[in-house]
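Contents: one structure, followed by commentary.
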Amino acid sequence: MLKYILKRLLMMIPVILCVAILVFTIIYFTPGDAAQVVAGQGTPAEKLDELRESMGLNDPYFVQLGRYLHQVFVKLDLGTAMVNKTSITSDMQARFPYSMTLALIGIAFAICVGIPLGVYSALHQNKVGDRIAVVVSMLGVSVPHFWLALMLILLFSVKLGWLPAYGVGGIAYWIMPIIANCVGGMATTARQTRSSMLEVIHCDYIVTARSKGLKQSQIILRHMLPNALIPIITVTGMNFGGMLGGGLIIEQIFTIPGVGFYLTKGITQRDYYAVMGGVILLSVAFSVIMLATDLIQAFVDPRIKAQYAGDVKRRRKPHAREA
Amino acid sequence: MGNGASNDAGNGASKTMRGADVGEEKQKFLEVRDLSVRYETKEETVYAVNGVSFSLEKGRTLGLVGETGAGKTTIARAILGILPSPPAVVGGGEILLGGDDILGASEREMHDIRGNRVTMIFQDPMTALNPVMTIGRQIEEVIESHERVSKDEARKRAEEMLEMVGILAERYSEYPHQFSGGMKQRVVIAIALACNPDLLLADEPTTALDVTIQAQVLDLMKTLHKKQNTSTILITHDLGVVSEMCDEVAIVYAGEIVEMGSLEDIFERPAHPYMLGLLGAIPAIDGDEEKLSPIPGMTPDPTSLPPGCKFHPRCKYAAEACKSEPVGMKEIAPGHFCRCLNLAAPNLAAREAE
Amino acid sequence: MKKICMKKALATLMALSLALACAACGGGAPQAPAGSAAATAAAADATTTAADAADAADAADATSSTAGASDAVASDAASDAGADSGARTKVTVGLTNTVQTMTPFAGLNPYYNMILGEIYQRLGMRAEFGSTEFACALMKEYERVDPVTYSVEIHGDIYDSAGAHMTAEDVAWSLEEAKSIGVPGANYLESAEVSGDYSLTIKLINDSLGGFETLCESCMIITKASYEASSDGMSSSPVGTGPYVLAEFITGSKAVIEKDGNYWMNKSATAAPLDCYAQNVDVIEFNFLTETTQMALAVESGTVQMGQWLNESIVADCDAVDGVVAEQMESSQMCEVLFNVTDKSPCLDANLRKAIAYCVNGDLVVQNVLYGIGYVPAAMGKVGQHGNNPAWGAEYDYFPYDVEKAKEFLAQSGYNGETLTIMIMSLPNFVAGAQVLQANMQAVGINCEISEYDDVTYGKYQPANTGYNYDIILHNMSMRGAYLIQTLAQWFDQNWYQDGHNMIGMADAELQALVDACMAPDWTQGDYDALYKYVYDNCLMYQWYANAFTVAHPESVTIPSCARGANKGELLVGACNFPADWSYFAQ
């Protein structure tokens, strides 16, 4: 198993390299002048030419690519933002914790609320409780984040004055952003859990478990849930990745200085280096999340673990009674 | 539907057979009286079990034989109380286990009974085990939930069970996918016998296995049966298995028992036309037949069963009365029952020869 | 059977409605950046009703709302890193843009300047928005030795907030550093040589007009020691000589600055404190409220006392709040209509250009695009730049909205019904403005179409001679630079492009002569007047509307002109006048 983990970690490197190359290439070929962005509007043409030369923008593609890759992976420096002239690495260091917190707590809620809801739904399929839960899930998936965020602000900040409308600080500042962010994830998880559980409920080994005379709670926790979790883990992993990069609307509305907001600012300002740095960082984060997802799955499902571990434990000792 | 007849016949038969115990309260360990089960969906109702009655004594093996869809599995699941509840509706009847009616028992009471007094072995070993739990743990679970023993004790017993079914105790922590089909079925057997149940229901335990493994598993079951003297109901459609394993046989057709008796009675002196047909369809090992002779026609649609005798559309000997009147069980010999109107001659086989 | 038919029909109906809904969504999507415009447009309607409801509640119980607001402020302040408790006055300011770094080399971004302009100082700058007078800040005096050489002397008792003493070496180093980092405006520097403890000689790269002033205005001066002591280039821990120091900074979220008790100008023997560097309030907290709705809500609830650069759509809501006024102030943001004056375009014909200029209704744009927050300028040019002559507004009739005249000129021109292309950057205000222009032009019979470009690729297409084919281009330029010609040169100076044509495609010796005259060090007002006449007579450029810079603030606060920076009119909050009974305090 350890070998597998190491192997996957090593495999992450070419993935991230490819992402970096791809991002760089796309931005390289996108029409638009990086020198113009750095210098700002209204700079005469000769000054732009000088700047282009000094930024190395006239070098051939591969030279620029090599330079960038060297800078990012060897010197571990994501560069300097073109508009603000700040170090992108330190910008990211300041912002990543916010995005991460938002995403982590969001996914924790999604799991803690979504899974029990889905289990309940599946066990009481087509009864009143299930129907209500299904409608609530659908609402959760359909409601747009920003609308929900604004409605929460109107209710809790403006009308009731309980919570601050924006900013960062203590727990009070996080309540509304997290709720707005995780409702979608909660609903998706609940739906996925429900359908996964419904599949499992009709499996033969559940009949075996019932015939053993186990209590219903035991059956759910030890037999149904571990099997139902396998697709849920995958979905949750992807949800988390989505929450990480996609919390940007929430970040913008609540002025939480996170990576998503930084990235979109970079995009609208055409700050190429900031965008490249942000994308690379997000891709690293996403790769790690996917790896974690796979490992958790292997932990839960021994069949997958066996696949990964690569060795099939068959006893080689001869035994007369064994098939 | 012949309630009284079957009851009286049942009582009378056992008393007659075990003459030595006349006067003693004979333990009819399991008694099923007039069990009816139907599956109701929005579109249709399936009449799966229609007034089934039989009984079983301690330590004996009853074979429930019939074609697919005859209702055998439903009977077994009804005994265990694990029928899928929204579609399945129990229409009536009683199931007495050692005198207690378990059909009407509450869920809590059933928790105690399942896995402990009544257990089941399932048809498909490949899907019968939880893929994410070690096999040892699955056995241990059943022991833990029914018997008050320490964790270590439970584990030891689980390992003993593994040994008993012929699996190395070291393989305790392995997962089902690491075992072959035959081994998995052994694990299922181990789970079923872990708590020394009074009644074992085996639902086609070897159907999904290939023939050589089948032989091994059957051997194992026989050995264990001798050891623990568990009363067993063996469901199968394979007459060969029946002849090897069972003491008594009941033939199930369209949710009814059409013939019931000891192994010898059924095989040597079959009475019901259906049974005759089944035996006739078996190819003789030394014969030189080019064509097999199956029973013509198909089993009736359980949503719309024919009136009168359920077998009459396919029966050679069907008379007018067979098509309209419901047919009751008749005792044609001590302990041998048959549900047929055309029993003028005591020995149908003789009639066959005509 | 019937049931199955019904099911099929229902399924088909649902699929159709799904398809229709998708098409509707796709069709109506605006091309706004980041999508918040769409969100806020939808939400603005929602907030209007919410605001009305909130107003009713406010009006009914004014005292409790103020109490609630100061509680909110107090709880905000509770998270400040303020040292002493005590009755320190505090104001919370909302900015519609985000500030991500405190480095002195960030350039003259006006949002940043609201904060950095209080923390750092420059050698000198135009004292206030609209004034051409150049004031010395860190400089004691300067002398122009020759067109490219200036000798500068700074005050001898300048200390930054870390206590480091500033010398001429620090000044030279700051200028060189700014130039090497690429701060716009620092490129005028050729070299800076220290000639004494507090004196240095600055050499410019050329003698272009306004070079020295622009250099001084663009570069924040800091001590080398403090910069090197900072691990991140003062990105989060700025140390400057200004009246305020940074107390707390959460990048992208908020910044809090406090009055510097040791501000050198208060104790200087030689420097007199400048009005723009007043310390009228003890603590200033900036909240970066990029989401327009949040800004409106914050102003209404009093969480933010001053809202800057309000989006036009919420100005009315903010103004409607009790005790708050949304003050419109002059801004330097002007929008121009420029023409392609080459033979590739029908706009080569001056009559057509005039026809277009007369047919445009600037008021309509202000009403429709800017929600009424703006005005139509009386003349080309801007107060606050040398060479601008206020008399132009009176002397010339600056193309007012006159359909008859437009049709006259159109008839005189050789326009044959060609479709003209209007090129714009794809930003919402431009798109809306272009649509008004298109409507106006079509009303007099000129056909035109709109061509949008991304604002980054746009620059490539601007030069009329070599760029894309356009006939009219809409642009907005702030009047950066102390001299009007610095701004106009971008359009008219033929030396900017190697092919000898200026931005609008002309290679006209007469125009160039006029431009050169204005750029010469010995320019006179007459030169500018001549240039203006030429541009006017030929209708080369038409400034058709101007944005206003709107600040929402309590009625009791007044904003003097010294509080407005010359760059874009950004506010230096410390220089605003706060009433004696200001009721917001820091904890």
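The figures that follow rest on heavy atoms only: side chains count, while hydrogens, waters and symmetry mates do not. Proteins get letters first, then strands, A, B, ... in listed order; numbering begins at 1 in each.
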Task: Nearest-0.5 Å distance that lies between atom CD in A:Q216 and atom NE2 in B:H111 - done: 7.0 Å

- [ ] Please check if atom CG in A:L6 has more than 12 non-hydrogen atoms from other residues, nucleotides or ligands closer than 6.0 Å.
- [x] yes

Task: Pair listing, salt bridge (charged side-chain N to carboxylate O under 4.0 Å, His left out) test, anchored in residues 111-127 of chain B, at least two apart - done: B:D100-B:R117, B:E107-B:R114, B:R117-B:D198

Open item on the list: Quick check on the structure: residues of residues 119-135 of chain A within a heavy-atom distance below 4.5 Å of chain B, by number.
Closed with: none

Task: Between CG on residue B:N130 and CE on residue A:M224, distance to nearest 0.5 Å - done: 11.0 Å

Task: Side-chain heavy atoms of B:E141 within contact of A:H223, under 4.5 Å - done: yes

TODO: Give a yes or no on whether B:M126 atom CE has more than 12 heavy-atom contacts from other residues, nucleotides or ligands under 6.0 Å away.
DONE: no

Task: Interatomic distance, B:S145 atom OG to A:Q218 atom CD [nearest 0.5 angstrom] - done: 6.0 Å

Open item on the list: Ignoring hydrogens, what is the shortest heavy-atom contact between A:P302 and B:P131? Give both atom names and the distance.
Closed with: CG-O, 3.4 Å

Open item on the list: For chain A, which candidate among B:L220, B:L201, B:L129, B:V188 shows the most heavy-atom pairs at distances under 4.5 Å?
Closed with: B:L129

Open item on the list: For B:M110, I'd like to know if atom CE has over 12 heavy atoms of other residues, nucleotides or ligands within 6.0 Å.
Closed with: yes

- [ ] Report the distance from atom CD of B:Q138 to atom CZ of A:R222, rounding to the nearest 0.5 Å.
- [x] 11.0 Å

- [ ] With a 4.5 Å heavy-atom cut-off (strictly below), which parts of residues 195-207 of chain A touch chain B? List them by number.
- [x] A:D204, A:Y205, A:V207

- [ ] Name the region of B:R108, side chain, backbone, both or neither, that has any atom closer than 4.5 Å to a heavy atom of chain A.
- [x] neither

Task: Close side-chain approach of B:T119 and A:S211, heavy atoms under 4.5 Å - done: no

- [ ] For A:F96, look at atom CZ and say whether over 12 heavy atoms of other residues, nucleotides or ligands are found less than 6.0 Å away.
- [x] yes

- [ ] For chain A, find its close neighbours in residues 151-161 of chain B: heavy-atom separation under 4.5 Å, sorted by number, or none.
- [x] none

Open item on the list: Taking atom NZ as the centre, does A:K3 end up with more than 12 heavy-atom neighbours from other residues, nucleotides or ligands that are less than 6.0 angstrom away?
Closed with: no

Task: CD1/A:I171: more than 12 non-hydrogen atoms of other groups inside 6.0 Å - done: no

TODO: Heavy atoms only: give me the nearest A:R210-B:G81 pair and the separation to one decimal.
DONE: NH2-O, 4.2 Å

